[in-house]
Amino acid sequence: MLVFWVAWGRVVFSTKEIKWFGVPIIMLTASLLLTYTRQAWLGSVMGFFFLLLTRKKSLLWFLPVALGVFYLITPAHINVRINSMVNFKDNNLQTRIALWQGGWLVFKDHPLTGCGFKCIDVVNKDYPDPTGYINKLRGMHNNFVQLAVDTGLFGLISWVSIWVAYFMTLFRRIVSMGENLAYKRDAMASAAAITGFLVAGFFETNFYDAEVSMLMYFIMALPFAANGKSPAASEKRNPETISQHI
């Protein structure tokens, strides 16, 4: 999903990239569908929404049309999985609700500092678990609930502040780069991937998956690895520096 939106970001902000990124995007889309992972699908939709919103708001009409056409052409067994996303009686959703309710009980007893990483393995026996899901899965399937349980309010607020600081810093950097569309393209692709990651994290503790978080950190860093000056600024060179080059 993360790579998927890095690719889409380049396409949405630069139509010249379409012929180069068409094949990989098709392959990434097929791979994403075949995972049958609904939280990744939801994150992808929100990433697409973010890209269109920041590119041009009038393009938002394209999203429901694209989703409708996409739904019509996908195989029936995938459509069944898509339909389950709006079924509030879905077993997987009910499992997550039971986990979140159990996490809330633990959080109330350890609101400030949490009970420690992987503490559910230890404290689970002290709380009612009528469904048995907590004892079986030992995780909250939600980044926010999981961090609230493990690290309390201090840890959760610190974690949320990372994303607030990331988007604020990225926005200021985009403004400082002026009309550098190439930079904006890559920055928005990064932001769309992180948006999808955070949305997916409402239904999966993807932050705790090392292979996911390592890639996520890499994509976060991409916009900050570029030159901090806009093309216009970089052309305004000191006369002494120019004479030295001559």
Between [X] and [Y], is any pair of side-chain heavy atoms under 4.5 Å apart?
X      : Y      : result
Ile120 : Val106 : yes
Phe218 : Leu2   : no
Ser31  : Leu28  : no
Arg81  : Leu33  : no
Leu170 : Phe224 : yes
Gln146 : Asn142 : no
Cys115 : Val122 : no

Crowded around [X] [atom1]? As in, over 12 foreign heavy atoms under 6.0 Å?
X      : atom1 : result
Phe167 : CZ    : yes
Lys125 : NZ    : yes
Tyr36  : OH    : yes

Just to verify, which of Thr205, Leu156, Ile157, Val160 counts as forming a side chain to side chain contact (heavy atoms under 4.5 Å, CB included) with Leu147?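 Among Thr205, Leu156, Ile157, Val160, the one meeting side chain to side chain contact (heavy atoms under 4.5 Å, CB included) with Leu147 is Leu156.
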Drop me the distance from [X]'s [atom1] to [Y]'s [atom2], to the nearest 0.5 angstrom.
X      : Y      : atom1 : atom2 : value
Arg185 : Ile174 : CZ    : CD1   : 13.0 Å
His141 : Leu93  : NE2   : CG    : 12.5 Å
Asn87  : Asn92  : CG    : CG    : 10.5 Å
Thr131 : Leu137 : OG1   : CG    : 8.5 Å

Judged by atom type as modelled, is there a donor-acceptor pair below 3.5 Å linking the side chain of Thr35 to the main-chain atoms of Leu32?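 Here the side-chain-to-backbone pair exists.
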Tell me if a side-chain donor or acceptor on Arg138 pairs with a main-chain N or O of Lys118 at a distance below 3.5 Å.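 No; judged by distance alone, with no hydrogens or angles, the pair does not exist.
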[X] versus [Y], closest heavy-atom pair with distance:
X      : Y      : result
Glu204 : Asn143 : O-OD1, 3.6 Å
Ala98  : Ile134 : O-CD1, 4.2 Å
Met140 : Leu99  : SD-O, 3.3 Å
Asp129 : Asn135 : OD2-N, 3.0 Å
Cys119 : Asp150 : SG-OD1, 3.9 Å
Gly103 : Val149 : O-CG2, 3.4 Å

Stepwise, does the side chain to side chain donor-acceptor pair (under 3.5 Å) test hold for Ser190 with Tyr166? CA-CA 11 Å; Ser190 172; Tyr166 164 75; 2.8 Å; yes
Worked verdict on Phe107 versus Leu153 for side-chain contact (heavy atoms from CB on, under 4.5 Å): CA-CA 9 Å; Phe107 171 73; Leu153 281 176; 3.9 Å; yes
Under a 4.0 Å N-O cut-off, is there an ion pair linking Asp90 with Arg38?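 Looking at Arg38 together with Asp90, the answer is yes, because their closest N to O distance falls below 4.0 Å.
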Under the criterion ring-ring contact (aromatic ring centres under 6.0 Å, His included), which of Phe203, Trp159, Trp100 is the partner of Phe144?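 Of all the options given, the one that passes is Trp159.
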Under the side-chain contact (heavy atoms from CB on, under 4.5 Å) criterion, do Leu215 and Ile219 qualify, and how do the steps go? CA-CA 6 Å; Leu215 178 58; Ile219 292 174; 4.1 Å; yes
Do the side chains of [X] and [Y] join up, straight or via other hydrophobic residues, at under 4.5 Å, putting them in one cluster?
X      : Y      : answer
Ile194 : Met214 : no
Tyr217 : Ile162 : yes
Leu112 : Leu105 : no
Val65  : Met46  : yes
Met168 : Trp163 : yes

Go through Val212 and Phe207 one step at a time and tell me if the side-chain contact (heavy atoms from CB on, under 4.5 Å) criterion holds. CA-CA 7 Å; Val212 175; Phe207 182 67; over 6 Å; no
Is it the case that the side chains of Arg96 and Tyr133 hold a donor-acceptor pair, with the cut-off being a distance below 3.5 Å and no angle test?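 Short answer, no.
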